[in-house]
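First up is the structure itself, then whatever we jot down about it.
Because only heavy atoms are used, hydrogens play no part in the values below, and waters and symmetry mates are left out as well, while side chains stay in.
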Amino acid sequence: MSTTGANADPLAALGSLPGVAESVESVRKAVDRVYGHRIMRRRSNEVTSEAALRGARGSAALSGADWALEEVRRRTDFSGDDEARVVGAALRLTAEAGQLLSVWRQSPLRVLARLHLVAAADKGEEVGRPRQDGEPVDEPLIELPLPDAAEVEGRLDGLAQLVIAGSSAPALVTAAVVHGELLALRPFVSHNGLVARAAERIVLVGSGLDPKSVCPAEVGQAEQGRAAYLAAFEGYVSGTPEGMATWIAHCGKAVGLGARESTAVCEALQRGAA
């Protein structure tokens with residue numbers, strides 16, 4: 001996404017694309033249904049914890065580690081193989097994201113560096129900073145050509161400026177752009193998808209749309225499947241109004257599915273079955 005031009009608030013312009021207002025309204029209704037559930041008045045912490053677990057599982061699935069929820073719940077050691085490390089990284093990111101809300105609006109690049117550090121769980125010199133030219137990127141899901149380091153730096157700075165300046169755009173639009181831009185740039189040598197989805201979660205929670213983090217978009221992304229995720233992402237990369245609207249609508253549907261998942265959790269808690 002271009003972050004330059006005469007429009008002082010390019011995110012707001014995206015909010016007027018055909019179909020986006022409908023997606024925003026649908027998401028708001030879905031979120032309101034969760035927050036209006038009687039269980040949320042007494043046991044919201046339990047719903048938040050369950051949403052975090054399910055969101056981490058969904059994000060890991062999109063990065064190639066499609067484990068059953070009960071396996072994620074049961075495991076205590078995530079160091080055994082590549083898939084286990086992906087799941088462990090997703091769980092760590094979900095836990096860390098909630099601690100970074102206050103920093104995000106002042107220093108989004110600092111937050112992104114921290115997210116990568118947490119995901120990688122490594123002290124290598126390439127961890128926690130944007131990649132340099134010539135450094136390989138381990139991101140098997142996204143096969144598009146990599147932007148060079150100079151483009152990554154410029155677009156990350158532009159994205160950070162948009163976040164810091166704030167926008168009148170709906171939270172869904174901002175979250176979708178943050179998610180899509182990080183996927184497109186793949187600014188780190190690894191874990192870019194996990195970081196992008198964690199950053200989307202931070203936007204949705206920090207904006208006040210989902211302040212208790214009970215509507216995990218990662219669940220909805222995984223439910224729609226990797227093929228649909230990539231097809232919608234191609235719309236984002238195209239930069240066309242139609243493509244951007246398709247990506248935002250896809251992200252909105254993911255939030256709605258995450259809200260539906262947590263509504264089911266509330267129902268189970270109410271029945272005493274969870």
Side-chain angles (χ1 to χ4, degrees), residues 1-4 56 59-65 78-79 81-97 99-100 103-164 174-203 218 221 226 229-230 232-239 247 251:
M1 176 192 175
S2 173
T3 56
T4 60
S59 191
L62 288 172
S63 287
F78 296 95
S79 62
D81 54 36
D82 288 345
E83 284 197 6
R85 285 190 284 274
V86 168
V87 175
L91 288 167
R92 291 192 300 274
L93 281 174
T94 301
E96 186 71 13
Q99 310 302 313
L100 298 172
V103 184
W104 173 255
R105 285 296 299 271
Q106 285 73 43
S107 185
L109 297 184
R110 180 180 160 197
V111 168
L112 293 175
R114 175 62 185 169
L115 290 173
H116 186 246
L117 191 67
V118 168
D122 192 347
K123 298 186 184 300
E125 64 176 19
E126 74 280 4
V127 172
R129 62 152 174 80
R131 58 181 169 80
Q132 300 173 1
D133 283 334
E135 290 182 330
V137 175
D138 180 14
E139 197 63 50
L141 179 63
I142 309 297
E143 298 179 351
L144 296 172
L146 283 168
D148 62 28
E151 182 178 352
V152 169
E153 181 180 4
R155 286 173 63 177
L156 277 180
D157 284 345
L159 183 65
Q161 289 167 19
L162 286 178
V163 171
I164 293 168
T174 303
V177 167
V178 167
H179 184 168
E181 191 72 353
L182 292 173
L183 273 187
L185 293 177
R186 283 147 289 161
F188 303 109
V189 296
S190 64
H191 301 92
N192 289 288
L194 295 176
V195 168
R197 292 184 287 275
E200 179 187 48
R201 173 182 285 266
I202 288 172
V203 174
E218 306 95 323
Q221 298 285 9
R226 296 174 81 183
Y229 186 66
L230 291 176
F233 174 60
E234 287 177 5
Y236 179 87
V237 174
S238 76
W247 172 248
C251 291

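Remark: Q106 CD is packed, more than 12 non-hydrogen atoms of other residues, nucleotides or ligands lying under 6.0 Å away.
Heavy-atom minimum distance, V203 versus T174: CG1-CG2, 3.9 Å. Nearest heavy atoms, A120 versus V127: CB-CG1, 3.8 Å. Residues V163 and V178 approach most closely at CG2-CG2, 4.4 Å, considering heavy atoms. Of all the heavy atoms in R92 and A121, the pair that sits closest is NH2-CB, 3.5 Å. A97 and A198 make their closest contact through CB-O, 4.4 Å (heavy atoms, listed as atom of the first residue, atom of the second, distance). In terms of heavy atoms, L185 sits closest to P147 at O-CD, 3.9 Å.
Under the side chain to side chain contact (heavy atoms under 4.5 Å, CB included) criterion, S238 pairs with T240, sequence neighbours left out. Residues forming a ring-ring contact (aromatic ring centres under 6.0 Å, His included) with H116 (at least two apart in sequence, or on another chain): F188. Residues satisfying the side chain to side chain contact (heavy atoms under 4.5 Å, CB included) test with E126, not counting sequence neighbours, are R129, E135, V189. For L230, the side chain to side chain contact (heavy atoms under 4.5 Å, CB included) test picks out L141, I142, with sequence neighbours left out. Shown here are the salt bridge (charged side-chain N to carboxylate O under 4.0 Å, His left out) partners of E151, two or more places apart in sequence or in another chain: R155. With sequence neighbours excluded, no residue satisfies side chain to side chain donor-acceptor pair (under 3.5 Å) with R226.
In this structure, CG on D138 lies 9.5 Å from OG on S63, to the nearest 0.5 angstrom. Atom CG of residue L115 and atom CZ of residue R201 lie 11.5 Å apart, to the nearest 0.5 angstrom. Taken to the nearest 0.5 Å, the CG atom of L93 stands 10.5 Å off from the CG atom of L117. Rounding to the nearest 0.5 Å places CG of L159 at 7.5 Å from CG of L112.
Distance alone, capped at 3.5 Å, is enough to place a donor-acceptor pair between the D133 side chain and the A149 backbone. Of the possible donor and acceptor atoms, none in the side chain of E200 sits under 3.5 Å from a partner among the backbone N and O of H179. Side-chain atoms of R186 come within 3.5 Å of backbone atoms of A184 as a donor-acceptor pair (strictly under, hydrogens ignored). Between the W247 side chain and the A176 main chain, a donor and an acceptor come within less than 3.5 Å of each other. With hydrogens and angles disregarded, no donor-acceptor distance shorter than 3.5 Å links the side chain of R197 to the backbone of A90.
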Could you please spell out the steps behind the side-chain contact (heavy atoms from CB on, under 4.5 Å) verdict for L146 and R131? CA-CA 11 Å; L146 283 168; R131 58 181 169 80; 3.7 Å; yes
Apply side-chain contact (heavy atoms from CB on, under 4.5 Å) to the pair R114 and V111, showing each step before the final yes or no. CA-CA 5 Å; R114 175 62 185 169; V111 168; 5.6 Å; no
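Looking only at side-chain heavy atoms (C-beta outward), Q221 and C251 come within less than 4.5 Å of each other. Residues R105 and I164 are not in side-chain contact: their nearest non-hydrogen atoms beyond the backbone lie 4.5 Å or more apart.
Checking L156, N192, V177 one by one against L182, the side chain to side chain contact (heavy atoms under 4.5 Å, CB included) holds for a single residue, L156.
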